[in-house]
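Throughout, numbering of the chain's residues begins at 1 and tracks the sequence. All ligand and atom numbering here is 1-based and tracks the order in the structure.
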Amino acid sequence: MSSHLGTFRLLCRIVFSALLVLPAAVLAAGGVVKDPAGVAPDRYVYYPGTEALNKKEIRITACGTGMPAARHAQAATCFLVEFGNGEKHIYDIGTGSMANLAAYMIPMEYLDKIFLTHLHTDHMGDIDTIWAGGWTAGRPVGLKVWGPAGLHPELGTKAAMEGFLDFVAWDKETRSFQITPAPGEIEVHEFDYKIENQLVYENNGIEVRSIPAIHTGDGPVSYILRYEGMKVVVGGDTAPNRWFQKYAKDADLIIHESFMVPNDFVQWYNQPPQLAWRACCAFHTSGQAFGKIMSELEPGHAVAYHFLNEEATRYNLYEAIRETYDGPLSMATDNMVWNITPDGIEERMAAITHEAWSVPGPTRQSPPETGRRPVFSDFTNSGYWLPAYEAQNDAMDQHMEKYNLQDVDWRPGMMKMMSKDPVR
Ligand SMILES: [Zn+2]
Ligand SMILES: [Zn+2]
C-alpha cells in the first residue's frame, strides 16, 4: 500500500516537474520552426530590456523570492513592478536582490522608488547595494523609501533609514566628496501601519494603498496597487489576517508569502522542530492557509513566494496549497515574470545575464561638488608613492586629450595635497 502511494507520489512529481519546465502559458505560446535555418516565432522567455510595455499593462519581475539566508538561486524578497506609464516601483529589496535587479537592464535613475512591507533584513537588506551601487552607476537622484511606522518610533522606517545613513557615514561622506552628494540622500515617507486601505502613493494614474499585516510584531503591511483598472496585491510577511481578506478581493494578481512545510524547515533549514511549526504557521502563512486565502479571494492569478524552491521542498508545499486551492498558481522563484493586462496574465521566466552592466539613462549625474570639507589628513597625504603615479601619466594625458579634460586635470591639485617630501 505504502509503496503504491510512494510510486504515485513519484509519478506526480515527475509530471509536475515537467509542468514546471513548461507552464501552460508557454505551451500555448509555442510556434513552429518550419526549416533548419528558421527562428522560433514566439518568445518562450522574457529578455530584459527588449519589450516595451503597453499603456494598459503591468510587468512584475520577482527579484527575490527566498529566505533570509540568501543564495545564488534565490535572493530574499523583492518584486519589481513596472507600469505601462513608465513608472517602476521596487517592493522590498531583500538581501541579494540587487544582483537580479541589475540584470533587468534598467537605468538606475528609474529605480529610485522603494516600498518596504516591513523592516526584516530579508525585505530590506540590499538597501545598501542599491543606494551605493546606483550612486556609482549613474543614478542622478537620491532614493525615495516608503514604509510603515513601528509600535515605537525607533522601530519605524524613518528611524531605520536614518540609522542606515549613520551606519554608512564613512561611505556617504567619502562618496559625496569624490562623486556628487545628491544620489546619497534618502527621502523617507513613513506612514501609520494601522490605517486600513490607506493611500500612501498616488501619481500618474497609479494608486498604492497599505493594509496592516500580522508578523512577529507591530508594523508590517501589505500593499494594494491599482492602475488602469487592474489591481495587484503585494503581500508582505504575514499570518492570515482579516484585512487581507477584506481588501485583496477582486485582484488580477495576488502575491502572498507561503512558507515551507514544518518538516522541511527541520530537514533543510536546520531549525528545531519547536521553531519550525511556529515559523511556518504562526507568524507566517502555511501552504494550506495560503490555499484557503486564495480560495476565498479568487484572484485572477495567485503567486506563492518566500520558500526554498527546489526539488526537495517545492512539491511538499505545492501539495499543501492544493489541499485547499485549485486556482491559477505560480510557485515563485527568482526572475519569474508576470505580464498583467485586462485580458489576462502571462507567466514566464526572464533570461538574465550574470554579467550585467549599468544601462545609461537620459540624465547625467552632476559632476563632483567643490568646496566640501576634506576627507584626507596630512598623515594620509604623506603616504602616496609617486613613482606609480608617474607611471600612469602618459595614459592620463591621453584620456585628458580624448575628453578635453584640461580644465579639470586633478593631478596638480593632488600633487599639492601630497606631502612636501613624498616617498620616492
Ligand atoms: Zn519578516
Ligand atoms: Zn521574510
Side-chain angles (χ1 to χ4, degrees), residues 60 62-71 73-80 90-98 100-101 114-130 145-152 154-157 159-161 163-164 190 193-194 210-223 233-241 243-244 254-262 264-265 268-271 275-287 289-290 293 303-310 313-314 317 330-334 336:
I60 300 180
C63 28
T65 56
M67 300 295 292
R71 54 189 191 161
Q74 282 178 284
T77 304
C78 173
F79 289 94
L80 172 69
I90 298 164
Y91 287 84
D92 283 344
I93 184 146
T95 312
S97 60
M98 190 58 205
N100 283 331
L101 271 174
I114 300 167
F115 294 77
L116 299 175
T117 62
H118 66 298
L119 301 169
H120 271 153
T121 52
D122 58 316
H123 295 255
M124 63 160 191
D126 258 15
I127 191 82
D128 62 338
T129 327
I130 195 167
V145 175
W146 285 259
L151 191 57
H152 310 290
E154 71 273 20
L155 298 181
T157 301
M161 291 303 114
F164 166 69
E190 184 179 280
Y193 61 92
K194 293 192 290 293
S210 72
I211 53 171
I214 304 175
H215 170 60
T216 66
D218 266 42
V221 296
S222 293
Y223 290 107
V233 183
V234 180
D237 285 3
T238 187
N241 72 73
W243 301 291
F244 206 91
I254 296 180
I255 298 169
H256 194 293
E257 64 138 292
S258 188
F259 255 45
M260 294 190 298
V261 302
D264 282 347
F265 273 103
W268 304 107
Y269 209 62
N270 308 320
Q271 289 191 351
L275 170 61
W277 72 333
R278 283 176 50 73
C280 84
C281 313
F283 46 84
H284 284 287
T285 297
S286 67
F290 173 95
I293 290 164
V303 177
Y305 79 99
H306 217 319
F307 59 92
L308 301 179
N309 195 339
E310 62 182 54
T313 51
R314 72 166 71 101
L317 177 59
S330 295
M331 302 288 281
T333 197
D334 283 18
M336 196 175 266

*Under-2.8 Å protein N/O/S neighbours of the Zn ion (ligand 2), ordered by chain then residue number*: D122 OD2, H123 NE2, D237 OD2, H306 NE2
*For P240 and A289, work out which heavy atoms get closest and say how close.*
CG-CB, 3.9 Å
*Between F244 and H256, how do the two ring planes meet: parallel, tilted or perpendicular, split at 30° and 60°?*
perpendicular
*What pairs with A159 under side-chain contact (heavy atoms from CB on, under 4.5 Å), at least two apart in sequence or on another chain?*
none
*asked:* W277: which residues meet the side-chain contact (heavy atoms from CB on, under 4.5 Å) condition with it, sequence neighbours left out?
replied: P262
*Residues in salt bridge (Lys or Arg N to Asp or Glu O under 4.0 Å) with R278, at least two apart?*
none
*Does a side-chain heavy-atom distance below 4.5 Å link Y193 with L151?*
yes
